[in-house]
Student: 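Sharing a structure, written as structure tokens. Questions coming.
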Amino acid sequence: MSTLVRDRTRLQPAPPAVREPRRRPSLRTTLLAGAAVVWILGFLVLHGTSTLTLPASELTDLHRSLNQFNAWVAANRADNPVFLYIFTPLRAAVDAVANLFITIFAASSTGLRLPEIGWLGTVGLLGWIAFAVGNARVALLTVAVFTFFGLQGLFIEATYTFALVLTAVLLTLLVGIPLGVLAGVYGRVAKVITPVLDFMQTLPTFVYLAPLALIFLIGPASAVIATVIYAAPPVIRLTAHGIRNLPENTREASDSLGTTGLQRLLTLQLPMARRTIVMGINQGTMAALSMVTIAALIAAPGLGQVVVRALQSLDVGTAVNAGLSIVLLAIVLDRVTTAASRRAEPGAARNRKFSRRTRYIVLGITLVLALAMVQFSRTMLWAATFPKELNVGPMIVQAVGSASQWMQNNLSLFTVSFREAVTTGILNPFQALLTDTPFYILVAVIAMAAYALGGWKLSALTTACLGVIIYLGLWSDSMVTLAGTLVATVVVMILGVIFGVAMGRSGRVDQILRPLLDAGQTMPAFVYLVPFLGLFGATRFTAIIAGIIYAAPVAIKITADGIAAISPTVVEAAVSSGSTPWQVITKVQLPMARQSLALAANQGLIYVLAMVVVGALVGAGGLGYDVVAGFVQSTIFGKGLAAGLAIVFLGILLDRMTQAAAATPVRKIPSSNIPAT
């Protein structure tokens, strides 16, 4: 090109930059922004008015009516036909099954502490059962863990918990598998029970306890019934899923041979659904263990009682010792049921190292050994009661207590400073924003946000839920709970995005983190309080941190699955256009995984809300404190029951709003919007 041409080219005016048309804000964005403006203005102008604050010692007419109902039930329990012919026989039947296993493994029905089978027999028998349904590895794990319970000085407490879990799982399977089969075969049954299962899984676990204690009294029966309610949904859902998922070609071949519906169920659907059903048993067993420990609040014996007493007295050492036992029991139950699930897989027999005949011979020999151990435990004192000289539990308690005291003395400058900074800088202002805003302003704001997310039906539902909370007389406490729940959920989502994106983009990171997340999800809720109690003391901050750790695994896993599910072609197109990893994450992967992020927020909210009452044991206020206080003091039973109902409606409100956000269709990203450098 000549110099003249270059000069002319340089002197020509540059073409105007092509500007993308500016998008107008959507109606949803406008409504959400308007709701935020109304909230802030209402708070600034009407601060501290119409907050519906109810002091802790005061009761409403509804609370007094519930107290009177509690007294009426206690006075008429022996004569009322409903109790006489329905509730009392049901309680007696559940008690009989629970006491059978308690007598076998934990304590004799004669009042002695010695069970029918001593510690050596229990270890041998449970080890053999683990070997029979699983493999030698899980059998050795079972033997080692139950022996360790004795070394901790908690063998009796652990067997109490195991007996209640066993009772609850058997009753759950007795109810859940038939219902799951019916739901899998008949679509009408599935339509009827699905909303019930949704409600049961949305309901926070503690809400079951007060009404069940009222109807069935406190003790093992109430604990088992509450556990069955909590553990049944996964069993029913997975059983129905396995029954329904019969391949179409297999169904057609079966129909062509003239098989009846019952024959198809018995010869095809149940055998092919065996692995899925065993997975449901695994999920139900883990849910049962979690609920049985929580049911210590209604006098369920076992490890949960030890943890509750330790938390109430702020004895971190004892709480850690018992919490470790709960974790180990959860691991054993998970590994045994998982091994059983793998044995139920089609073609698993071909991959076994030993023939069926060899396995039967080994099973027979080990059964004789287990029965010999049972006989020793029934005749020898050393095999009946775990030797006290081998008890290292006090050493564990003392070591953990000393470590906790050292951390409080030496790390308090950091932990207390961090706790106070977060509390004064974030928690208190946000809680004040909710509790000091007039209730009608907040109702209007939440209704507007619900309309933006899901339309008039969702707005009407949320308004109705808020109206019920107001009627229950616990608006201010509900706002305290909502503040802590939302703050914890924000932190959960931050962790979910950070670690979920890392797992979704890297298989190696996924392999490292997923086992840790699985272990975190198997731990009962009580266990999360223990380490943070030693670090931060009994405060609202401790309860929120425990809720974050409890809810983070599920949010991380959902986010990781959403990131991993994005088409590699889209990611490769962004990379080939010169996008940096940060641009790929923020401009492509996160926008396309928005539905997964909304689902993660939904599940994070539900899990955090499930920790509300547990957190009340270490200083959290709000509805959780009302529920726990209602368990302890009969004079405020009605307020505690009303608080449980308020948690239910708050959970429904949050669940439906986040579900609506998750259900919004994702806008496709035009190729022109893929960033380039």
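This is a predicted model, so every value here is computed, not measured.
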Student: Among all residues two or more places apart in sequence or in another chain, which pass the side-chain contact (heavy atoms from CB on, under 4.5 Å) test with Leu140?
Tutor: none
Student: So, using ring-ring contact (aromatic ring centres under 6.0 Å, His included) as the criterion, who are the partners of Phe101 when residues are at least two apart?
Tutor: none
Student: If the condition is side chain to side chain donor-acceptor pair (under 3.5 Å), which residues does Thr385 pass it with, not counting sequence neighbours?
Tutor: none
Student: Measuring from Ile236:CD1 to Leu173:CG, what's the distance to the nearest 0.5 Å?
Tutor: 10.5 Å
Student: Step by step, would you call Thr159 with Phe149 a side-chain contact (heavy atoms from CB on, under 4.5 Å)?
Tutor: CA-CA 9 Å; Thr159 49; Phe149 292 154; over 6 Å; no
Student: Is a donor on one side and an acceptor on the other found under 3.5 Å between the side chain of Thr338 and the backbone of Arg335?
Tutor: no
Student: Rounded to the nearest 0.5 Å, what separates atom CD1 in Ile281 from atom CG in Leu238?
Tutor: 10.0 Å
Student: Atom CE of Met286 and atom CD1 of Ile331: how far apart are they, to the nearest 0.5 Å?
Tutor: 8.5 Å
Student: Ring centres under 6.0 Å, that's the criterion: do Tyr550 and Tyr607 meet it?
Tutor: yes
Student: Check side chain to side chain donor-acceptor pair (under 3.5 Å) between Arg378 and all other residues, then give those that pass, not counting sequence neighbours.
Tutor: Glu116
Student: With ring-ring contact (aromatic ring centres under 6.0 Å, His included) as the rule and sequence neighbours excluded, what pairs involving residues 119-141 come up?
Tutor: Trp119-Phe386
Student: Considering all heavy atoms of both residues, which atom of Val169 and which atom of Ala288 are nearest to each other, and what is their separation?
Tutor: CG2-CB, 4.0 Å
Student: Nearest 0.5 Å, please: how far is CD1 in Ile104 from CG in Leu100?
Tutor: 4.0 Å
Student: Looking only at heavy atoms, what is the nearest atom pair of Leu125 and Ile117, with distance?
Tutor: CD2-CD1, 4.1 Å
Student: Is any side-chain N of the basic residue among Lys557 and Asp561 closer than 4.0 Å to the acidic one's carboxylate O?
Tutor: no
Student: Please test Leu217 against Arg77 for side-chain contact (heavy atoms from CB on, under 4.5 Å), starting from the C-alpha separation and ending with a verdict.
Tutor: CA-CA 10 Å; Leu217 301 177; Arg77 185 183 301 276; 3.3 Å; yes
Student: Which value, rounded to the nearest 0.5 Å, describes the distance between Met373 atom CE and Leu371 atom CG?
Tutor: 10.5 Å
Student: Kindly write out the residues that satisfy side-chain contact (heavy atoms from CB on, under 4.5 Å) with Ser222, not counting sequence neighbours, or none if the list is empty.
Tutor: Phe216, Ile298
Student: How would you list, by chain and number, every residue that makes a side-chain contact (heavy atoms from CB on, under 4.5 Å) with Met380, sequence neighbours excluded?
Tutor: Phe376, Trp382, Ala383
Student: Starting at CD1 of Ile396, measure out to CG of Leu151 and round the result to the nearest 0.5 Å.
Tutor: 8.0 Å
Student: Filter on side-chain hydrogen bond (donor to acceptor under 3.5 Å, both in side chains), then keep only pairs touching residues 319-332, sequence neighbours left out; what's left?
Tutor: Gln152-Asn321, Gln152-Ser325
Student: Work out which heavy atom in Val196 is nearest to a heavy atom in Val192; give both atom names and the distance.
Tutor: CG2-O, 3.8 Å
Student: What closest approach, in Å, do Val292 and Thr227 show between heavy atoms, and which atom pair accounts for it?
Tutor: CG2-OG1, 3.5 Å
Student: Run the side-chain contact (heavy atoms from CB on, under 4.5 Å) test against Arg137 and tell me which residues pass, sequence neighbours left out.
Tutor: Asn135
Student: Could I get the full list of ring-ring contact (aromatic ring centres under 6.0 Å, His included) partners for Phe105, not counting sequence neighbours?
Tutor: Phe162
Student: Using atom types as modelled and distance alone, determine if a side-chain donor or acceptor of Ser377 lies under 3.5 Å from a backbone N or O of Gly118.
Tutor: yes
Student: Restricting to non-hydrogen atoms, name the atom on Gly284 and the atom on Ala231 that form the minimum distance, rounded to 0.1 Å.
Tutor: O-CB, 3.4 Å
Student: Can you list everything that forms a side chain to side chain donor-acceptor pair (under 3.5 Å) with Gln398? Sequence neighbours excluded, please.
Tutor: none
Student: Output all residues satisfying side chain to side chain donor-acceptor pair (under 3.5 Å) with Thr318, sequence neighbours left out; order by chain, then residue number.
Tutor: Asp315
Student: List the atom of Gly604, the atom of Ala551, and the distance in Å for their closest heavy-atom pair.
Tutor: O-CB, 3.7 Å
